[in-house]
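The basis for the numbers below is simple: all heavy atoms, side chains too, and nothing from hydrogens, waters or symmetry mates. Quantities reported herein were computed from a predicted structural model and do not represent experimental measurements. For the single chain, residues carry numbers from 1 onward in sequence order.
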Amino acid sequence: MSIARKVDKHGLLSEPIPLALRRLTIPMVFGMVAILMFNLVDTFFISLLGTEALAAVSFTFPVTFGLNCITMGVSVGISTSIGRLLGSGNNRDAARFASHGLLLAVILMIAASSLGLLTIEPLFSLIGATSDLLPIIKQYMGIWYLAIPLLVIPMAGNSAIRATGDAKTPAKIMMLAGVINGVLDPLLIFGIGPFPELGVQGAAIASGISWAFALANSLYILIKREKLLAKPQLDCLGNDWRQTLQIGTPAGLSNALNPLSGALLMWLLAAQGTASVAAYGAAMRIESILVIVMMSLGSALMPFMAQNLGAKQPHRAFQALFTAMRFAIIFQFLVFIMMVPLSWPLSSLFSQDSAVQQQLWHYLVVVPFSYGMQAVCMLLISALNAMHKPVHALVWNLLRLFAFLLPAAWLGSKINGTEGLFIGIAIANLISGIGAYLYAVKIRRTTYRNLVNIS
């Protein structure tokens with residue numbers, strides 16, 4: 001195999017940009033759908049145990065998401081650094097960096113889950129769990145904390161695989177893991193056939209087994225096919241961990257901002273009444289599907305840009321960024337056009353309450369208009385992480401959520417209640433998207449100017 005083929009075996013440095021982005025994005029859509037279904041299946045089967053079981057597990061979501069933010073942050077640090085090393089042809093350094101990054105992720109998660117095991121009762125009491133729910137939470141989280149280190153390597157390892165330009169394999173791994181979880185959930189929760197009836201513990205055990213499957217497959221791909229794992233080198237360990245954390249810590253914090261802003265929006269909506277909260281909750285479920293292509297495109301853009309920047313092809317990297325932004329605006333506008341006739345049928349499907357239906361309909365005919373510009377901001381954040389500017393990416397997410405979104409939503413609610421709040425969300429998305437596009441133009445101009453000065 002030639003050196004050029006080794007460096008660019010997935011075509012990120014030579015394939016036409018639209019084709020490369022499409023090849024990366026489509027499998028990631030299926031992977032994200034698998035993750036969404038993974039959570040929905042768990043929630044569905046647990047709900048069959050009763051309201052108390054569902055409420056208890058609902059209390060665990062902020063904690064489980066918080067721990068997963070650790071791995072998501074480290075994954076960004078691993079992916080962007082490996083992409084640059086592979087783009088520059090440093091395959092051996094990429095393998096070393098992947099090994100050190102995965103080791104760091106595992107150590108951090110074991111430390112966090114160990115602390116979690118020791119603090120289940122005080123932590124969940126602090127966030128509002130009542131005494132009757134705490135025993136159920138202990139049953140679930142006692143298993144979950146023990147199993148979560150198994151998910152670290154599939155999450156971080158799949159990011160490393162995507163950094164090579166292969167998005168299909170990680171998607172297949174997560175889809176198969178989701179199938180295993182879906183099959184085991186009812187067997188272990190309800191004790192079907194020879195399986196014991198374990199209740200919420202069964203859901204946690206089913207997740208752990210599916211994570212173990214994903215772990216084995218990710219390790220096999222990393223070691224045997226991609227040759228992306230090597231023996232740790234103590235002399236490089238500290239520097240590699242420092243670089244991973246320099247990128248991963250802001251990226252992890254950026255991920256954590258999204259549920260925080262969502263909680264604050266819920267607080268604003270609670271003042272408008274139960275119907276407003278119910279309408280927004282239903283809207284979030286619909287929105288997770290409507291923006292899934294853009295989320296996948298943002299994840300695909302990061303390894304593409306990282307490899308091309310590592311290969312000293314910034315023009316190609318920025319061309320990909322602006323191609324993705326233009327596509328996002330056009331695609332999401334078409335989604336909005338599609339949503340106009342579907343908005344009322346969907347509103348009727350998600351609720352029988354006329355007040356909820358009316359508010360959900362209003363959300364669906366107003367906010368999707370702004371999804372294209374929201375995607376532009378998301379793509380800029382991915383690009384900044386690929387450029388090793390994670391603090392800039394964190395600042396842009398802070399601006400989007402806390403300088404634009406929440407103030408506009410609050411002001412809109414004061415002017416026109418729930419409908420005004422939804423209009424405020426749309427206006428904030430438009431403002432943040434325009435700002436992100438102009439900032440992308442600025443950093444492209446600065447990068448090109450620096451190249452001219454160097455030459």
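- For Asn258 and Arg400, the side-chain atoms include at least one donor-acceptor pair closer than 3.5 Å.
- Surrounding OH of Tyr220 are at most 12 heavy atoms belonging to other residues, nucleotides or ligands under 6.0 Å away.
- In this structure a side-chain-to-backbone donor-acceptor pair under 3.5 Å is missing from Asn416 to Gly412.
- Leu103 is listed as a side-chain neighbour of Trp241, based on a closest heavy-atom distance under 4.5 Å.
- Note that CG of Asn68 and CG of Asn255 are 10.0 Å apart. Values are rounded to the nearest 0.5 Å.
- Put simply, CG on Asp240 and CG on Leu245 are 11.0 Å apart, with the number rounded to the nearest 0.5 Å.
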**Request:** Apply the test side-chain contact (heavy atoms from CB on, under 4.5 Å) to residues Leu229 and Leu219: give CA-CA distance (whole Å), side-chain angles for both, the deciding distance (0.1 Å), then the verdict.
**Result:** CA-CA 9 Å; Leu229 287 182; Leu219 282 177; 3.9 Å; yes
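- Between the side chain of Thr249 and the backbone N or O of Gln246, no donor-acceptor pair lies under 3.5 Å.
- Using the six-membered ring where Trp is involved, Phe333 and Phe369 have ring planes that are perpendicular, over 60° apart on the 30 and 60° scheme.
- Checking side-chain atoms of Ser113 against main-chain N and O of Ile110 turns up a donor-acceptor pair under 3.5 Å.
- Two residues are said to be in side-chain contact when any heavy atoms from C-beta on lie closer than 4.5 Å; Met373 and Ile434 meet this criterion.
- For the residue pair Gln359/Tyr280, the side-chain donor-acceptor check at 3.5 Å is not satisfied.
- Between the side chains of Ser79 and Ser159, no donor-acceptor pair is found at a separation under 3.5 Å.
- Here the side chain of Asp166 pairs no donor or acceptor atom with the backbone of Arg162 at under 3.5 angstrom.
- Looking at heavy atoms from C-beta onward, Leu21 lies in side-chain contact with Ile17 at the 4.5 angstrom threshold.
- The shortest side-chain heavy-atom distance between Phe404 and Leu430 does not fall under the 4.5 Å cut-off.
- In this structure, Trp344 places its CH2 atom where more than 12 heavy-atom neighbours from other residues, nucleotides or ligands lie under 6.0 Å away.
- A side-chain donor from one of Asn90 and Ser88 sits under 3.5 Å from a side-chain acceptor of the other.
- Heavy atoms only, all atoms of each residue included: Ala160 and Leu228 are closest at O-CD1, 3.8 Å.
- Interatomic distance, Ser382 OG to Met305 CE, rounded to the nearest 0.5 Å: 9.5 Å.
- Put simply, the side chain of Leu104 does not reach to within 4.5 Å of the side chain of Ile107, judged on heavy atoms.
- Side-chain contact, Thr80 with Asn385: no donor N or O sits under 3.5 Å from an acceptor N or O.
- Looking only at distances, no side-chain donor or acceptor of Ser254 sits under 3.5 Å from a matching main-chain atom of Leu394.
- Taking every heavy atom of both residues into account, Ala440 and Leu380 meet most closely at CB-CD1, 4.1 Å.
- Around CE of Met295, the count of heavy atoms belonging to other residues, nucleotides or ligands within 6.0 Å does not exceed 12.
- With sequence neighbours excluded, the residues that form a salt bridge (Lys or Arg N to Asp or Glu O under 4.0 Å) with Asp93 are Arg96.
- If you run side-chain contact (heavy atoms from CB on, under 4.5 Å) between Trp396 and each of Ile381, Val391, Leu401, only Ile381 comes through.
- Nearest heavy atom pair, residue Asn158 against residue Met174, reads ND2-SD, 3.7 Å.
- Side-chain contact between Met294 and Tyr371 is absent, with no heavy atoms from C-beta onward closer than 4.5 Å.
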**Request:** Walk me through it: do Ser432 and Gln374 pass the test side chain to side chain donor-acceptor pair (under 3.5 Å)?
**Result:** CA-CA 7 Å; Ser432 62; Gln374 178 186 355; over 6 Å; no
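- Listed for the Lys312 side chain is no donor-acceptor partner under 3.5 Å among the backbone atoms of Leu309.
- Between the CG atom in Asp185 and the CD1 atom in Ile209 there is a gap of 10.0 Å [rounded to 0.5 Å].
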**Item:** Chi angles and distances behind the side-chain contact (heavy atoms from CB on, under 4.5 Å) call for Phe30, Lys172
**Value:** CA-CA 8 Å; Phe30 286 101; Lys172 289 177 182 177; over 6 Å; no
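- The two atoms that bring Val63 and Met141 nearest to each other are CG1-CE, 4.3 Å, heavy atoms only.
- Closest non-hydrogen pair, Pro27 versus Ala171, comes out as O-CB, 3.1 Å.
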**Steps toward side-chain contact (heavy atoms from CB on, under 4.5 Å) verdict (Ser413, Thr418)** = CA-CA 6 Å; Ser413 70; Thr418 302; over 6 Å; no
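- Separation of atoms CD (Glu15) and CZ (Arg316) is listed at 8.0 Å; rounding is to 0.5 Å.
- Scanning both residues, Leu13 and Gly87, for their nearest heavy atoms gives CD1-O, 4.0 Å.
- Side-chain contact between Ile443 and His392: absent, with no pair of heavy atoms (C-beta onward) separated by less than 4.5 Å.
- There is no side-chain donor-acceptor pair under 3.5 Å between Tyr363 and Glu419.
- Between Trp144 and Thr60 the shortest side-chain heavy-atom distance does not fall below 4.5 Å.
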**Prompt:** Do His100 and Thr244 pass the side-chain contact (heavy atoms from CB on, under 4.5 Å) test, and can you show the C-alpha distance, the side-chain angles, and the key distance before you say yes or no?
**Reply:** CA-CA 9 Å; His100 292 171; Thr244 302; over 6 Å; no
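- Under the 30°/60° scheme for interplanar angles, the aromatic rings of Tyr437 and Phe322 are found to stand perpendicular.
- The CD1 atom of Ile425 sits 9.0 Å away from atom CG of Leu406, with the distance rounded to the nearest 0.5 Å.
- Of the possible polar contacts, none joining the Ser370 side chain to the Asn429 backbone as a donor-acceptor pair under 3.5 Å is found.
- Formation of a donor-acceptor pair under 3.5 Å by the Asn308 side chain with backbone atoms of Phe304 is found in this model.
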